[in-house]
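Following: one structure in structure tokens, then a few remarks.
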Amino acid sequence: MAAIAVVAGLLALPVGWREATIALALPCLGLVLAMQPRPRDKDRRAGLDFWCLAIATNVAYAGFCVAPEVYFLGLASLEWLVLLLPMIACCGASWASGARRPGTPTAAWLSVVVLAVLPIATIRTLWPLRLAFRIARPGLERLADRVAAGEEIDYPRWVFPIRVAGAAADPATGNIGLMTDTNPGGPVGFVRVKGRPGTPTVGSRPIGGDDLHIGLADGWCYNEED
């Protein structure tokens, strides 16, 4: 439940604030944990530090990757490499090296490796985006149909777990764009291509994929325009 609350909170933040929150909060959490005094039961405290930082990092990265932007994908990758990977690895090594029960050290070290590299795997595969699309697709289809029919719709609106900030129809192609960011200089969001399935989605208007293009399913894609 706590993880769901964290993701929901991140998604509710305005575009830009969400990414800034992730960028600042996670290293601060690592520093706070590192500065805490060690009790007599050092192994237990080391485990608490590791699991808190690793879980918070992975939940935050998953929440961010539900509706990613290419600039912050690069920023998050750099932050993981320079700050979060060393912090998680150090906390994890301190905990795993203290595991004493038979069979525990192997499982502990495996947990450290998996949770340390999972954030970059999340960025590379964008599995939260693909999962969120599968969950929200029926609602996105209905919303796209309403946009195509010319209905007046109030924005922003939630198609759980995706926040749609605006929409547009491309008169030249009949494509429908559902935007998670309506920035005129570079909108971001989902595009439903007319004539699907099998229709190429690269460069699909009204949101061109100049900066980022993720093909989804049956003529849907996720694009960021330069």
Do [X] and [Y] have side chains that get closer than 4.5 Å, going by heavy atoms?
X	Y	answer
Ser97	Trp109	yes
Thr122	Pro128	yes
Tyr222	Phe133	no
Asp211	Tyr71	no
Leu53	Met87	yes
Ile162	Thr180	yes
Leu131	Val66	no
Ile176	Val191	no

Atom [atom1] in [X], atom [atom2] in [Y]: separation rounded to 0.5 Å?
X	Y	atom1	atom2	answer
Ile207	His213	CD1	NE2	12.5 Å
Leu129	Cys65	CG	SG	8.5 Å
Phe190	Cys221	CZ	SG	10.0 Å
Thr57	Leu85	OG1	CG	10.5 Å
Ile120	Tyr61	CD1	OH	7.5 Å
Ile214	Asn223	CD1	CG	8.5 Å

Could you tell me whether a side-chain N or O of [X] sits under 3.5 Å from a main-chain N or O of [Y], the two making a donor and an acceptor?
X	Y	value
Asn175	Pro206	no
Ser94	Cys90	no
Glu224	Val70	yes

When hydrophobic residues are tied together by side-chain contacts of less than 4.5 Å, even through go-betweens, does [X] share a cluster with [Y]?
X	Y	value
Ile55	Ile88	yes
Leu81	Val117	no
Leu75	Trp80	yes
Trp51	Val114	no

Is any NZ, NE, NH1 or NH2 atom of the basic residue among Asp218 and Arg192 found under 4.0 Å from an Asp or Glu carboxylate oxygen of the other? no
Does CZ in Arg134 sit with more than 12 non-hydrogen atoms of other residues, nucleotides or ligands closer than 6.0 Å? no
How about OH on Tyr155, more than 12 heavy atoms from neighbouring residues, nucleotides or ligands closer than 6.0 Å, or not? yes
What are the two closest heavy atoms between Ala217 and Arg137, and how far apart are they? CB-NH1, 4.0 Å
